[in-house]
Each structure stands twice: as C-alpha cells, then as structure tokens.
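Report on one structure; see the data block that follows.
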Amino acid sequence: MLDMKLLRSNLEEVKQKLQHRGEDLNDLDKFAEWDEKRRNYITETEQLKAKRNEVSKEIAMLKKEKQDADDKIKEMREVGDRIKEIDQELREVEEKLQELLFSIPNIPHESVPIGESEDDNVEIRKWGEVPQFDFEHKPHWDVATELDILDFERAGKVTGSRFVFYKGLGARLERALINFMMDLHADEHGYEEMLPPYIVNRASMTGTGQLPKFEEDAFKLEDWEYFLVPTAEVPVTNYYREEILNVDQLPAKFTAYSSSFRSEAGSAGRDTRGLIRQHQFNKVELVQFVKPEESYDKLEELTGHAEKVLQLLELPYRVLKMCTADLGFTAAKKYDLEVWMPSNDTYREISSCSNFEDFQARRAGIRFRREAKGKPEYVHTINGSGLAVGRTVAAILEHYQQADGSVKVPEVLVPYMGGKTVITK
RNA sequence: GGAGAGCUGUCCGAGUGGUCGAAGGAGCACGAUUGGAAAUCGUGUGUGCGGUCAACGCCGUACCGAGGGUUCAAAUCCCUCGCUCUCCGCCA
C-alpha cells in the first residue's frame with residue numbers, strides 16, 4: 001500500500017513511476033475525488049460529534065439538577081440521525097478508497113531498470129561453470145524415477161497432478177537440504193530460526209500483499225477464512241503485524257522453513273514434469289525487518305546469503321536484476337537467483353530476493369520507534385528464498401548425476417546424509 | 001464437542017449508563033536531591049484520523065478483544081464473532 005499523503009500531493013509523479021509496471025492504473029484518477037469526499041465527511045461528522053458531546057454533558061448536568069432536558073434530547077436525537085447518515089456515506093467512500101489503495105502496486109526503486117517484459121531483466125553476475133557431460137545426460141525426473149527416490153505417479157493417484165512423494169534417500173536429501181540451509185542461515189548469517197503456521201488468516205494474506213488481488217493463486221480452506229501459506233514470508237512478516245517495535249530490535253532477521261502451497265492458476269501446461277512447479281513445495285525463507293535507510297544495503301546482504309547456499313552446493317547460477325515489468329506487485333526492487341538447469345539448457349529461478357520498502361509494513365501496520373517519545377515510523381521489510389528446496393533437489397540431481405545413473409552427494413551435504421556420499425539404486 | 005470464567009493503556013489492576021483516554025500501582029523518561037548511586041520527591045509518559053502551525057505544539061474526533069445494535073449519552077446494556085484460561089469428553 002502506498003502512502004495516501006504521497007498520492008494526495010504527487011499523484012502525477014506516482015502515475016509516471018508506475019507506468020512501466022504494465023498494470024492498469026485507470027482507477028488512480030478516482031483517488032483525488034474520493035479522498036476529498038472522505039475528508040469532507042470526516043470534518044462534517046466530527047463537528048456534529050463535538051456538538052453532541054458538548055450538549056450531552058449539559059444534559060447530564062440538567063438531569064443531575066432535576067431540570068428538564070427534553071428539548072436538548074430531542075435536538076440531539078436529530079443530530080444523532082444525521083451523524084449516522086454521514087458515517088454511512090463515509091464508510092462507503094472509505095471502502096472504495098481502500099480497495100483502490102490495495103490495488104496499486106509498489107513504486108519501483110530508481111535503480112530498477114525500465115523494461116517491458118522479463119526479457120528486459122538485467123544479468124548482474126554469474127557464478128560457477130556451466131557443466132559439460134561426457135555421457136547421456138538425463139532430466140532430474142528420469143534420474144529420480146530410476147533411482148526410485150521420487151514417485152510422481154502415485155502422488156497423482158493419492159492427490160493429483162503437481163504433487164510428489166519423496167522416498168528413501170530422496171526424502172533424506174530434501175531433509176538434508178532443509179537442515180543444511182537452516183543451519184547456515186541461523187549459525188553463520190545471524191537469523192533467528194522460526195517454524196511458522198502453514199495456515200494463515202485473511203488479514204495476514206492482505207498484510208503481505210497476496211490479497212485481495214491474487215486470491216485465485218492461493219489455496220483457501222473451505223468454510224474457513226483461512227489460507228494455506230504460499231510462502232513462509234506470509235506468517236513470518238505478519239509475526240509483527242500491528243506492532244510498534246523498539247529500534248534496538250532492528251534489524252530483526254528470521255529464517256523459516258515451511259511447505260508452500262500455490263494453486264498455479266494460469267500455468268496449466270507449464271513445467272508439467274518434475275519438481276519445478278508443484279502445488280506443494282518446501283522452502284527456506286529469509287525475512288528481515290529493517291530501518292528504512294538500511295534496506296537497500298540489507299537487500300544486497302540477504303541476496304548474498306541466498307547465493308551462499310548455491311556456492312556451497314557448487315551449483316552454477318546467475319543473478320538477475322528484475323526490470324519494472326517483472327517486479328511483482330509488492331516489490332520496489334527484486335533480484336532473482338537462477339540456477340543452471342542442464343535439462344532445460346537454461347537458468348531457472350531458485351530464489352527471489354525483494355525489498356518491499358514500507359509497502360508491506362504499511363498494509364500490516366509494522367512500525368518502530370527511534371526514541372522513547374519519537375513518532376512511530378514504518379519499518380522496511382525485505383525477504384528472499386534461501387532457497388526453494390525442491391528446485392535445489394532438481395538441480396542437484398541434474399548436476400551430480402553420474403554415467404551409471406547414480407547421484408553423487410554434494411560434499412557439504414554428506415554429514416546431513418548420514419555420511420552417504422552417493423545415491424544409488 | 002459440553003460447562004464455566006475472562007479479554008481495559010508498556011505491564012498489573014479499578015471501573016455496571018453521564019464530568020472516563022479512563023482511578024491506583026509498577027515500569028520508563030526528565031528534573032530535584034547525592035561525591036556517585038539507592039531510596040525519596042516532582043513532572044511527564046498511547047495510537048489512528050481530521051484541522052491548524054515555519055516549528056515546538058494546539059484543537060477536534062475515535063479507540064477499553066473485533067464488528068454491529070440500543071440510547072440524547074456506552075469501557076459500562078444487547079447481539080454476533082475471535083482469542084485466553086479452568087473442568088469434562090475426544091485426540092497426535
């Protein structure tokens with residue numbers, strides 16, 4: 001959510017900054033009208049309320065002295081009716097205004113490249129060598145199915161498409177990766193570990209920006225105003241919803257493992273095979289609540305924390321700076337980490353690191369105070385995957401496969417795999 | 001699932017229709033006192049919105065779990081919902 005005061009004073013400038021996002025902004029023109037209406041209603045109703053409060057005190061006095069107050073009571077009854085009318089109008093215009101505010105995306109940071117599509121994202125660095133294989137190379141789903149460590153078919157029977165069973169050392173590998181990532185972020189990168197609820201309420205989904213606009217992307221529980229989390233970002237960011245933090249709590253850094261659930265509405269037919277696009281996947285998330293002046297430095301730092309996972313796993317990747325058209329609704333700036341995926345012969349997204357500035361904080365009411373009596377200010381929130389675990393497994397299976405069909409265990413994972421150095425049949 | 005109790009400011013806690021943004025206490029901040037500290041005394045100590053101001057601020061309004069209702073007037077009465085606690089049942 002954007003600052004209403006900013007919209008009030010610089011509407012044209014905001015529109016200009018948003019124009020490269022490729023979003024429909026026609027409603028923005030209504031802002032000035034509704035905002036003015038709202039303020040007029042407020043002024044009017046508050047004046048009447050002041051009057052009512054005043055006269056009510058007089059009525060109390062009169063009654064105490066056993067005097068007649070019928071005239072004043074009658075007058076106030078009319079005032080009360082009028083207040084009700086105006087409040088109703090006010091409520092209606094505020095609803096429209098809020099709907100509008102919730103539909104406006106975040107303003108891109110000045111360092112974000114202007115672009116029309118994902119083709120305009122800018123590669124800013126590359127790490128590692130793209131591998132050459134001297135044997136017939138297989139996609140990860142074939143590697144895994146032959147080793148009997150992933151079972152897509154039975155998952156289709158038990159649940160449906162885009163679900164999977166991990167088995168044996170496959171399940172162990174997923175668990176090893178989760179532990180490895182969590183340990184790295186908790187012990188080396190200074191994040192506090194968190195295990196959040198997998199189900200959240202509507203207010204939380206609204207706080208981080210999934211709702212109201214993207215409800216079709218989420219799994220909603222029937223008969224409940226509850227949603228399966230699409231990412232641990234939602235519960236962890238909302239941990240401090242409607243709170244005022246002390247400045248010495250910042251930066252607050254949390255790393256959380258959770259399963260993530262996405263309906264994948266609109267991506268029918270894409271990545272139908274393998275682990276790349278599942279309705280349920282595991283993810284280790286990094287979330288930071290920071291002071292506004294630090295958020296861009298912290299974004300670089302957090303992105304580095306995610307990159308460190310790929311480096312330790314020795315998986316080649318590149319970092320993309322997302323352009324205005326590919327920022328998503330909530331981010332002011334975003335880096336994607338893409339791992340080389342041999343079966344696709346291209347890089348595939350494995351992490352997304354974003355600075356939301358105060359966009360989420362304003363929606364979720366997360367503030368901090370610099371001094372004991374200072375005015376509360378909105379924090380900045382940043383987060384990133386560190387990493388998407390399923391896609392990491394896919395990358396490992398493809399990069400570490402050997403000619404005989406076995407898969408070597410990356411060195412850093414060996415202790416997490418009970419000492420096993422290779423996955424064989 | 002059944003029965004009951006509760007939800008008030010940073011915290012504890014009083015308040016069952018009028019002068020209550022809310023007693024009292026604790027905490028915290030500042031000042032006095034002190035060589036320094038403790039103790040003591042004094043002052044202050046929420047947020048949103050609207051208005052006003054160069055600014056400190058000031059004025060108005062709203063907020064006592066959330067939302068609705070009754071009333072001239074609601075922390076206080078009524079309804080719905082949420083959460084917490086206790087007992088019973090069930091259960092990993």
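Residue numbers start from 1 in every chain, and the chains themselves are labelled A, B, ... in the order their sequence lines are given, proteins ahead of strands. Fair warning: this is a prediction, and the values are worked out from it, not measured in the lab.
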For the residue pair [X] and [Y], confirm or rule out a side-chain donor-acceptor distance under 3.5 Å.
| X | Y | answer |
| --- | --- | --- |
| A:Asp183 | A:Tyr416 | yes |
| A:Glu264 | A:Ser267 | yes |
| A:Gln280 | A:Gln278 | no |
| A:Gln360 | A:Thr381 | yes |

Find the distance [X]:[atom1] to [N]:[atom2] and express it as a whole number of Å.
| X | N | atom1 | atom2 | answer |
| --- | --- | --- | --- | --- |
| A:Arg52 | B:G60 | CZ | P | 16 Å |
| A:Arg82 | B:U71 | CZ | P | 19 Å |
| A:Asp68 | B:C72 | CG | P | 15 Å |
| A:Glu54 | B:U61 | CD | C1' | 14 Å |
| A:Glu46 | B:U52 | CD | C1' | 14 Å |
| A:Ile59 | B:A74 | CD1 | P | 12 Å |
| A:Glu371 | B:C28 | CD | C1' | 15 Å |
| A:Ile244 | B:U45 | CD1 | C1' | 14 Å |

[N]: pairing nucleotide in any strand, Watson-Crick or G-U under 3.5 angstrom:
| N | value |
| --- | --- |
| B:C64 | none |
| B:U76 | none |
| B:G50 | B:C59 |
| B:G6 | B:C83 |
| B:A29 | B:U43 |
| B:U34 | none |
| B:G17 | none |
| B:C90 | none |

With respect to the side chain of [X], which nucleotide from [options] is positioned closest?
| X | options | value |
| --- | --- | --- |
| A:Lys84 | B:U61, B:U70, B:A73 | B:U70 |
| A:Tyr226 | B:C72, B:C83, B:U47 | B:C83 |
| A:Pro376 | B:U47, B:G60, B:G18 | B:U47 |
| A:Ala60 | B:G50, B:C72, B:G18 | B:G18 |

Could you give the distance separating [M] and [N] at their [atom1] atoms, to the nearest angstrom?
| N | M | atom1 | value |
| --- | --- | --- | --- |
| B:G25 | B:U8 | C1' | 15 Å |
| B:U40 | B:G50 | P | 44 Å |
| B:A26 | B:G17 | P | 30 Å |
| B:U86 | B:G15 | P | 24 Å |
| B:C53 | B:C59 | C1' | 11 Å |
| B:A14 | B:G67 | P | 25 Å |
| B:C28 | B:C11 | C1' | 11 Å |
| B:U45 | B:G60 | P | 16 Å |

Looking at A:Ala306 and A:Gly386, what are the two nearest heavy atoms and their distance?
CB-CA, 4.3 Å
For A:Val407 and A:Ile396, which heavy atoms make the closest approach, and how far apart are they?
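So the minimum-distance heavy-atom pair works out to CG1-O, 4.3 Å.
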For [N], does either OP1 or OP2 sit under 4.0 Å from a side-chain N or O belonging to [X]?
| X | N | answer |
| --- | --- | --- |
| A:Asn53 | B:C72 | no |
| A:Arg8 | B:G50 | yes |
| A:Arg367 | B:U47 | no |
| A:Lys49 | B:C63 | no |
| A:Arg39 | B:G51 | yes |

Which value, rounded to the nearest 0.5 Å, describes the distance between A:Glu94 atom CD and A:Leu100 atom CG?
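One finds 13.0 Å between CD of A:Glu94 and CG of A:Leu100.
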With rounding to the nearest 0.5 angstrom, report the CD to CG distance, A:Glu357 to A:Asp3.
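Between A:Glu357 CD and A:Asp3 CG, I get 12.0 Å after rounding to 0.5 Å.
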Regarding A:Lys74, tell me which of base, sugar-phosphate or nothing describes its non-hydrogen contacts under 4.0 Å with the strands shown.
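Result for A:Lys74 = nothing.
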Under 4.0 Å between any heavy atoms, over every strand shown, what does A:Lys5 touch: base, sugar-phosphate, or nothing? Just pick one.
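Nothing: the residue A:Lys5, judged by heavy atoms under 4.0 Å, touches no strand.
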Quick check: on RNA chain B, is the nucleotide nearest A:Gln47 upstream (toward 5') of the one nearest A:Ile42, or the reverse? Name the residue that is more 5'.
A:Ile42
Of A:Met76 and A:Lys51, the one whose nearest nucleotide on RNA chain B sits closer to the 5' end is A:Lys51
